[in-house]
> 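The structure follows.
Computed from heavy atoms alone, side chains included, the values below leave out hydrogens, waters and symmetry copies.
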Amino acid sequence: MESVRGWHRSPEVHQVTDARPSLSEDIGRRERNYLIKMGIRLICLVLAFTVPAPLPVKILLFAGAIFLPYVAVIGANAPRPTPPADPDMTGSGQNEIPRHRREIGS
């Protein structure tokens with residue numbers, strides 16, 4: 001802790017909940033979501049051909065079978081969510097080495 005004219009500055013505290021999920025967890029979550037959506041698509045397709053339903057219901061089932069793959073792929077390729085930055089958190093107090101001086105400190 002640093003002392004500044006009698007006041008103590010609290011140390012920077014990092015919480016585990018601030019950490020992003022690991023890459024393998026993120027990929028697993030995306031795969032599960034994709035498989036669930038494609039399973040729903042398969043059910044829509046099977047029901048559209050096998051269930052004697054009114055035309056609007058069949059159109060809705062076919063629409064689900066047609067558009068769910070697009071939604072599934074977009075969801076699977078979405079970027080990893082980033083945790084929101086805490087507005088009252090300050091930087092680490094370290095200055096970044098300029099790009100033209102990367103050899104210093106390496």
> List the atom pairs, with distances to 0.1 Å, where a side-chain N or O of residues 46-69 and a protein N or O form a donor-acceptor pair under 3.5 Å, not counting sequence neighbours.
unit_1: T50; atom_1: OG1; unit_2: V46; atom_2: O; d: 2.7
unit_1: K58; atom_1: NZ; unit_2: A48; atom_2: O; d: 3.0
unit_1: K58; atom_1: NZ; unit_2: V51; atom_2: O; d: 3.3

> How many angstroms lie between OG in S24 and CZ in R29, if you round to the nearest 0.5 Å?
12.0 Å

> Roughly how far, to the nearest 0.5 Å, is CD1 of I43 from CE of M38?
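Atom-to-atom, M38:CE and I43:CD1 are 12.0 Å apart.
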
> Do E25 and S22 come close enough that some side-chain heavy atom pair is under 4.5 Å?
yes

> Do R30 side-chain atoms and A78 backbone N/O form a donor-acceptor pair below 3.5 Å?
yes

